[in-house]
Amino acid sequence: LVSWTLMLLANAQLGHFRKTKSLWLKMPQRDLVSWTTMINACVAHGDFAEAKRLFDDMPQRDSVSQTAMVAAYAQCGHLELATRLLQEMPRHNLLCWNAILAATAAEGRISRASQIFEEMPEQDIVSWSTMLSAYAQNGLLDEAKQTFGLMPQHNSTSSTAMLASYAQHKQLRESKVLFDNMLERDVVSWTAMLAAYAHNGHVRHSERLFESLPERDTICWSAMLAALVQNGLYLEAFVVFDEMKMAGSIDKVCFVSILIACSQGGKVSTAKSLFVSMSLDFGFQPSKQHYCCMIDVFGRAGHLENAQDLVANMPYVPD
RNA sequence: GGAUAGGGUCGCCA
């Protein structure tokens, strides 16, 4: 049973939803853990209705499955349903409160979030970090600083959120002081610091940090790519982009950066083939951001007809 | 073996 569940989880995390589903149907037995894993797989796949059906059909539920469902409701914007489920629960569940708090903040409803934070039966480091990043992500540096100062403890999550907020406001010194004083650093904090250097024009510091890292994930690579592009190092950016392709560490954001490099470097045909390759070879549907970059590529190169064509034919409303 | 918080997204103009 445990190994079946592990396979289920592994496939779900790889995004192989069909495989996950067929494993689920073939499993000889299921328990709370496998049910919850399957619910999360459905949510991750965007099949909220199926997640809800599974939750309703579960032979029994525990606080973990309930939290998963509350988080699913909250992330879909069904905050009322999430809150109702929270109220039906036998005991206070801080994780459910945190999930609702995070979803409220993610909708940009900052004052509502801070109200929920006050109303919660208790707050843990996750609740505090959620409020901190709510302020940080909405550009409210003073509120973020205040929250950071009031928190009973810090960890790499809270420090990184604060670091990124300083970086956003181009306060490199403050970012660096925080980074140096962190007790534990991980790939997320390294990436935030790398980006902070790049935003302040210190791309060589970004590179030095990048090269010293014991581990790098896709976002970290992507931050390095963006750092080079932001600082006008297009040739190096293309080298890094090729390395990323070879390492299989590519996502949609990398294509934004590399299309910007094409635009600034006047590489129209390279941009065109990358734009096609993005969906054909990598399966990423171009976002509005990608279209904007392509329009910029054509516009800067003086290919105004192509730019206008793209605006007229793209599956987005121009802004 | 399952649930909640942190990092990457050009520039210009308004």
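Naming: A, B, ... by sequence-line order, numbering from 1 per chain. Please read these numbers as outputs of a predicted model, since none were measured by experiment.
- Remark: the A/D186 side chain and the B/G7 base include no donor-acceptor N/O pair separated by less than 3.5 Å.
- Atom CG in A/L95 sits about 10 Å away from atom C1' in B/A5, given to the nearest Å.
- Look at CG on A/D62: it is 13 Å from C1' on B/G1, rounded to the nearest Å.
- With no hydrogens or angles considered, a side-chain donor-acceptor pair links A/N93 and A/T67 at under 3.5 Å.
- A/V256 comes within 4.0 angstrom of nothing in the nucleic acid, heavy atoms only.
- Of the candidate nucleotides B/G7, B/A3, B/G6, B/G6 has the atom lying nearest to any side-chain atom of A/S133.
- Residue A/Q137 places at least one side-chain N or O under 4.0 Å from the OP1 or OP2 atom of B/G7.
- The residue A/Q66 sits apart from the nucleic acid: no heavy atom pair falls under 4.0 Å.
- In terms of polar N and O atoms assigned as donor or acceptor, the side chain of A/N155 never comes within less than 3.5 Å of the base of B/G6 in a complementary pairing.
- Remark: A/H199 is not in phosphate contact with B/G8, judged by side-chain N or O atoms under 4.0 Å from OP1 or OP2.
- The aromatic rings of A/H154 and A/F148 lie parallel to each other, their planes meeting at an angle below 30°, with 60° marking the opposite boundary.
- The residue A/L32 sits close to a base: some heavy atom pair falls under 4.0 Å.
- For A/T130 against B/A5, no side-chain N or O and base N or O form a donor-acceptor pair under 3.5 Å.
- Whole-Å rounding puts the A/L213 CG to B/G7 C1' distance at 12 Å.
- In the set B/A3, B/U4, B/U9, the nucleotide with an atom closest to the side chain of A/A102 is B/U4.
- For A/A226, the listed nucleotide lying nearest its side chain is B/G8; candidates were B/A3, B/G8, B/A5.
- If you measure from atom CD of A/Q289 to atom P of B/G11, you get 12 Å, rounded to the nearest angstrom.
- Among the atoms of the strands shown, none is found under 4.0 Å from any heavy atom of A/S257.
- The interatomic distance linking A/F210 (CZ) with B/G8 (P) rounds to 15 Å, in whole Å.
- For the pair A/R185 and A/W190, the cation does not sit on the ring face, since its NZ or CZ is not both under 6.0 Å from the ring centre and inside 45° of the axis.
- Closest contact between the side chain of A/S189 and the listed nucleotides B/G6, B/A3, B/U4 involves B/G6.
- Within 4.0 Å of A/C96, counting heavy atoms only, lies no atom of the nucleic acid at all.
- With hydrogens and angles ignored, no donor-acceptor pair under 3.5 angstrom links the side chain of A/Q230 to the base of B/C10.
- Comparing B/U4, B/G7, B/G6 by their closest approach to the side chain of A/A161 singles out B/G6.
- Side-chain atoms of A/L1 lie closest to B/G1 of the nucleotides B/G8, B/U4, B/G1.
- A parallel orientation is assigned to the rings of A/F282 and A/F284, their planes being inclined by less than 30° (bins at 30° and 60°).
- Out of B/G7, B/A5, B/G2, the shortest distance to the side chain of A/V187 is found at B/G7.
- To the nearest angstrom, P of B/U4 lies 13 Å from CD1 of A/I39.
- Residue A/S263 is classed as having no contact, given no heavy-atom separation below 4.0 Å to the nucleic acid.
- Evaluation of atom-type donor-acceptor distances gives no pair under 3.5 Å for the side chain of A/D296 against the base of B/G11.
- A salt bridge links A/R204 with A/E236; the closest basic N to acidic carboxylate O contact falls under 4.0 Å.
- Residue A/R216 contributes atom CZ, which lies 16 Å from atom C1' of B/G7 at whole-angstrom precision.
- A distance of 8.0 Å separates CE in A/M151 from OG in A/S159, rounded to the nearest 0.5 Å.
- Residue A/D31 contributes atom CG, which lies 13 Å from atom P of B/G1 at whole-angstrom precision.
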Exercise. Walk me through it: do A/E174 and A/K145 pass the test salt bridge (charged side-chain N to carboxylate O under 4.0 Å, His left out)?
Key: CA-CA 11 Å; A/E174 309 291 346; A/K145 273 159 80 169; over 6 Å; no
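- Residue contacts shown for A/I219 include a base, since a base heavy atom lies under 4.0 Å away.
- No hydrogens or angles were tested; on distance alone, a donor-acceptor pair under 3.5 Å links the side chain of A/T5 to the base of B/G1.
- With distances taken from any side-chain atom of A/T67 to the nucleotides B/G7, B/A3, B/A5, the minimum falls on B/A3.
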